[in-house]
Trainee: 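I have a structure here, written as structure tokens, and I will follow up with some questions on it.
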Amino acid sequence: HARRLYGLTFKETKDVPVYADGVRCFEVKQQKTGDFMGLLYTDFFPRATKGGGAWCTRFKAQWQDAYKMHRPHVSIVCNFTKPTPTKPSLLTFQEVSTLFHEFGHALHSLLSRCRFRSLSCTNVYRDFVELPSQIMENWCKEKDGLALFAKHYETGALIPDEMVQKIVASDNFHAAYMMMRQLRFALLDMAWFGGDPSGIQDVEAFENRAVAPTDLLPTVAGSNISCSFEHVFSGGYSAGYYGYKWAEVLDADAFEFFREEGVFSRRVADRFRTSVLERGRSEEHRLNSSHIPLSRMPSS
């Protein structure tokens with residue numbers, strides 16, 4: 001997908017040390033020019049000391065100084081079922097979507113072309129950071145996107161059209177409920193970080209009041225979202241969880257442009273790359289700095 005959209009190549013290298021058994025490292029280059037774009041580590045399988053879930057992390061950012069362009073080192077971390085001697089790692093559709101999501105974050109870093117490290121890669125506002133990741137999930141639901149990889153592991157037969165339709169139908173099933181679920185998390189997040197929590201005596205009662213506007217089903221006694229809400233209490237999304245839903249609006253709008261010209265349109269991909277993926281937060285910084293008198297501008 002990255003080759004079709006952005007002209008990237010991925011070649012595994014054994015010359016770079018990895019941080020755990022099972023981790024692989026790939027050199028990412030621009031196909032036409034051979035320009036080095038960065039390193040991508042893939043860490044796909046569970047191990048004893050590894051946390052659950054999936055995420056994208058960065059060991060080195062992208063920036064530019066007077067001498068060279070420094071390229072990023074990025075890792076995609078997942079917890080997929082390990083392959084066996086007789087069977088490869090067979091992913092559920094949800095796991096495939098997760099991989100595409102985290103790969104979107106990786107591309108946001110690998111394609112970055114910013115001067116300052118603090119403005120490059122995924123150093124953007126929370127209501128924007130999930131756009132590059134969530135838009136990548138769309139190619140999992142498109143026939144042309146699935147055709148690149150969704151084949152039977154034994155026969156090599158391409159995924160049939162009726163199964164593609166089932167994927168699309170399942171994505172729409174209970175979509176409104178899933179929207180309310182995301183809004184529920186966002187309201188709870190804002191409730192915790194929108195005031196002084198020192199006066200809260202009953203966490204369950206506080207939570208129930210905060211999410212009441214999204215209640216669709218009876219509350220299960222003793223259940224509690226807050227105690228396991230890692231995204232906001234240890235994941236950096238404090239008061240920013242709403243960003244997932246807002247970025248979903250942005251990605252739906254952007255992907256519609258791809259659909260109009262073809263989901264692998266290089267013209268649209270080039271515009272998305274130069275307007276979004278390469279810029280980090282540099283455009284917003286440029287606009288905010290444009291009114292500063294020259295005498296106050298820092299020297300290069």
Trainee: Closest approach of Asp189 and Gly240, non-hydrogen atoms and distance?
Mentor: OD2-N, 3.0 Å

Trainee: Is any side-chain heavy atom of Leu146 closer than 4.5 Å to one of Met163?
Mentor: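 In short, these two side chains do not touch, never coming nearer than 4.5 Å.
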
Trainee: Do Val263 and Asn138 make a side-chain contact, defined as non-hydrogen atoms from C-beta onward lying under 4.5 Å apart?
Mentor: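 No; the side chains remain at least 4.5 Å from each other.
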
Trainee: Side-chain contact test, heavy atoms from C-beta onward, threshold under 4.5 Å: evaluate it for Gln62 versus Leu110 and give yes or no.
Mentor: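 A side-chain contact is absent here, since even the closest heavy-atom pair is not under 4.5 Å.
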
Trainee: What pairs with Lys14 under salt bridge (Lys or Arg N to Asp or Glu O under 4.0 Å), at least two apart in sequence or on another chain?
Mentor: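 Scan of Lys14 (salt bridge (Lys or Arg N to Asp or Glu O under 4.0 Å), adjacent residues dropped) gives Glu12.
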
Trainee: How close do Phe10 and Ala2 get, counting heavy atoms only, and between which atoms?
Mentor: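 For Phe10 versus Ala2, the nearest heavy atoms are CE1-CB, 3.7 Å.
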
Trainee: Under the rule for salt bridge (Lys or Arg N to Asp or Glu O under 4.0 Å), what residues qualify as partners of Lys29, not counting sequence neighbours?
Mentor: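 Not a single residue meets the salt bridge (Lys or Arg N to Asp or Glu O under 4.0 Å) criterion with Lys29.
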
Trainee: Please tell me if the side chains of Val77 and Lys50 come closer than 4.5 Å, counting only heavy atoms from C-beta onward.
Mentor: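 In short, these two side chains touch, coming nearer than 4.5 Å.
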
Trainee: What pair of heavy atoms forms the shortest contact from Val276 to His108, and how long is it?
Mentor: O-NE2, 4.1 Å

Trainee: If you take all heavy atoms of Ala247 and Gln134, which pair is closest and at what distance?
Mentor: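 In this case the closest contact between Ala247 and Gln134 is C-NE2, 3.6 Å.
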
Trainee: Check the hydrophobic clustering (I, L, V, M, F, W, Y; side-chain heavy atoms under 4.5 Å; chains of links allowed) and say if Leu119 and Met69 are grouped together.
Mentor: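 No, Leu119 and Met69 fall in different hydrophobic clusters.
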
Trainee: Within this structure, what is the CD1-CG distance for the pair Ile135 and Leu250, rounded to the nearest 0.5 Å?
Mentor: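 It is 9.5 Å, given to the nearest 0.5 Å.
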
Trainee: Within a radius of less than 6.0 Å around CZ of Arg266, do more than 12 heavy atoms belonging to other residues, nucleotides or ligands occur?
Mentor: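 Above 12, so yes.
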
Trainee: Test side chain to side chain contact (heavy atoms under 4.5 Å, CB included) on Arg281 and Phe128 and set out the steps.
Mentor: CA-CA 10 Å; Arg281 205 170 80 240; Phe128 180 77; over 6 Å; no

Trainee: Please identify each residue that fulfils ring-ring contact (aromatic ring centres under 6.0 Å, His included) with Phe100, with sequence neighbours left out.
Mentor: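 Applying ring-ring contact (aromatic ring centres under 6.0 Å, His included) to Phe100 gives His1, Phe149.
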
Trainee: List the steps, then state whether side chain to side chain contact (heavy atoms under 4.5 Å, CB included) holds for Phe93 with Lys141.
Mentor: CA-CA 10 Å; Phe93 181 74; Lys141 307 161 195 171; 4.0 Å; yes

Trainee: Who passes ring-ring contact (aromatic ring centres under 6.0 Å, His included) against Phe44, sequence neighbours left out?
Mentor: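 Checked Phe44 against ring-ring contact (aromatic ring centres under 6.0 Å, His included); matches are Phe80.
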
Trainee: Name the orientation class of the two ring planes belonging to Trp139 and Phe264 (parallel below 30°, tilted from 30 to 60°, perpendicular beyond 60°).
Mentor: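 The rings of Trp139 and Phe264 sit tilted, inter-plane angle from 30° to 60°.
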
Trainee: Go through the structure and list residues passing salt bridge (Lys or Arg N to Asp or Glu O under 4.0 Å) with Glu137, not counting sequence neighbours.
Mentor: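 Checked Glu137 against salt bridge (Lys or Arg N to Asp or Glu O under 4.0 Å); zero matches.
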
Trainee: Is the shortest heavy-atom distance from the side chain of Val164 to the side chain of Ile159 under 4.5 Å?
Mentor: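 The answer is yes; the side chains approach within 4.5 Å.
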
Trainee: Any donor and acceptor pair, going by atom type alone, linking the side chain of Asp171 with main-chain N or O of Ile167 inside 3.5 Å?
Mentor: no

Trainee: Can you list the residues that meet the side-chain hydrogen bond (donor to acceptor under 3.5 Å, both in side chains) rule with Lys151, with sequence neighbours excluded?
Mentor: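 With sequence neighbours excluded, Lys151 shows a side-chain hydrogen bond (donor to acceptor under 3.5 Å, both in side chains) to no residue whatsoever.
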
Trainee: Under the ring-ring contact (aromatic ring centres under 6.0 Å, His included) rule, collect the residues that match up with His73, sequence neighbours excluded.
Mentor: none

Trainee: Under 4.5 Å between any side-chain heavy atoms of Leu8 and Gln31, yes or no?
Mentor: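 No, every pair of side-chain atoms sits at 4.5 Å or beyond.
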
Trainee: Can you list everything that forms a ring-ring contact (aromatic ring centres under 6.0 Å, His included) with Phe193? Sequence neighbours excluded, please.
Mentor: Phe233

Trainee: For Glu102, check side-chain hydrogen bond (donor to acceptor under 3.5 Å, both in side chains) against everything at least two apart and list the hits.
Mentor: none

Trainee: Is Met136 reachable from Val249 through a run of hydrophobic residues whose side-chain heavy atoms are each under 4.5 Å from the next?
Mentor: yes

Trainee: Could you please spell out the steps behind the side chain to side chain contact (heavy atoms under 4.5 Å, CB included) verdict for Leu107 and Leu5?
Mentor: CA-CA 11 Å; Leu107 287 176; Leu5 290 166; over 6 Å; no

Trainee: Count I, L, V, M, F, W, Y as connected when their side-chain heavy atoms are under 4.5 Å apart, and connections chain through other members. Are Tyr242 and Tyr125 then in the same cluster?
Mentor: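 Each belongs to a different hydrophobic cluster.
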
Trainee: Looking only at heavy atoms, which two atoms of Cys114 and Ser282 are closest? And how far apart?
Mentor: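 Looking at all heavy atoms of both residues, the closest pair is SG-OG, 4.0 Å.
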
Trainee: Show which side-chain atoms of residues 218-225 pair as donor or acceptor with protein atoms under 3.5 Å away, not counting sequence neighbours.
Mentor:
{"from": "Ser223", "atom 1": "OG", "to": "Val220", "atom 2": "O", "distance (Å)": "2.6"}
{"from": "Asn224", "atom 1": "OD1", "to": "Ser226", "atom 2": "N", "distance (Å)": "3.0"}
{"from": "Asn224", "atom 1": "OD1", "to": "Cys227", "atom 2": "N", "distance (Å)": "3.0"}

Trainee: Pairs in or reaching into residues 49-69: which pass ring-ring contact (aromatic ring centres under 6.0 Å, His included), with residues at least two apart or in two chains?
Mentor: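 Sorted result for residues 49-69: Tyr19-Phe59, Tyr41-Phe59, Trp63-His70.
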
Trainee: Only one of Tyr244, Tyr237, Tyr241, Trp192 passes ring-ring contact (aromatic ring centres under 6.0 Å, His included) with Phe185; say which it is.
Mentor: Tyr241

Trainee: Report the distance from atom CG of Leu217 to atom OH of Tyr177, rounding to the nearest 0.5 Å.
Mentor: 5.5 Å

Trainee: Are the side chains of Lys60 and Arg71 in touch, meaning some heavy atoms are under 4.5 Å apart?
Mentor: no

Trainee: According to salt bridge (Lys or Arg N to Asp or Glu O under 4.0 Å), who are the partners of Arg117, at least two apart in sequence or on a separate chain?
Mentor: none

Trainee: Quick one: do Phe103 and Leu39 end up in the same hydrophobic cluster if we chain Ile, Leu, Val, Met, Phe, Trp and Tyr together by side-chain heavy atoms under 4.5 Å apart?
Mentor: no

Trainee: What heavy-atom pair brings Lys245 and Leu183 nearest, and what distance separates the two atoms?
Mentor: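 Distance-wise, the nearest heavy atoms are CG-CD2, 4.2 Å.
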
Trainee: With distance as the sole criterion, is a donor-acceptor pair present between the side chains of Gln94 and Ser97 under 3.5 Å?
Mentor: no

Trainee: Determine whether His105 and Arg58 satisfy the following criterion, side chain to side chain contact (heavy atoms under 4.5 Å, CB included), listing intermediate values before the conclusion.
Mentor: CA-CA 10 Å; His105 282 308; Arg58 190 170 56 248; over 6 Å; no

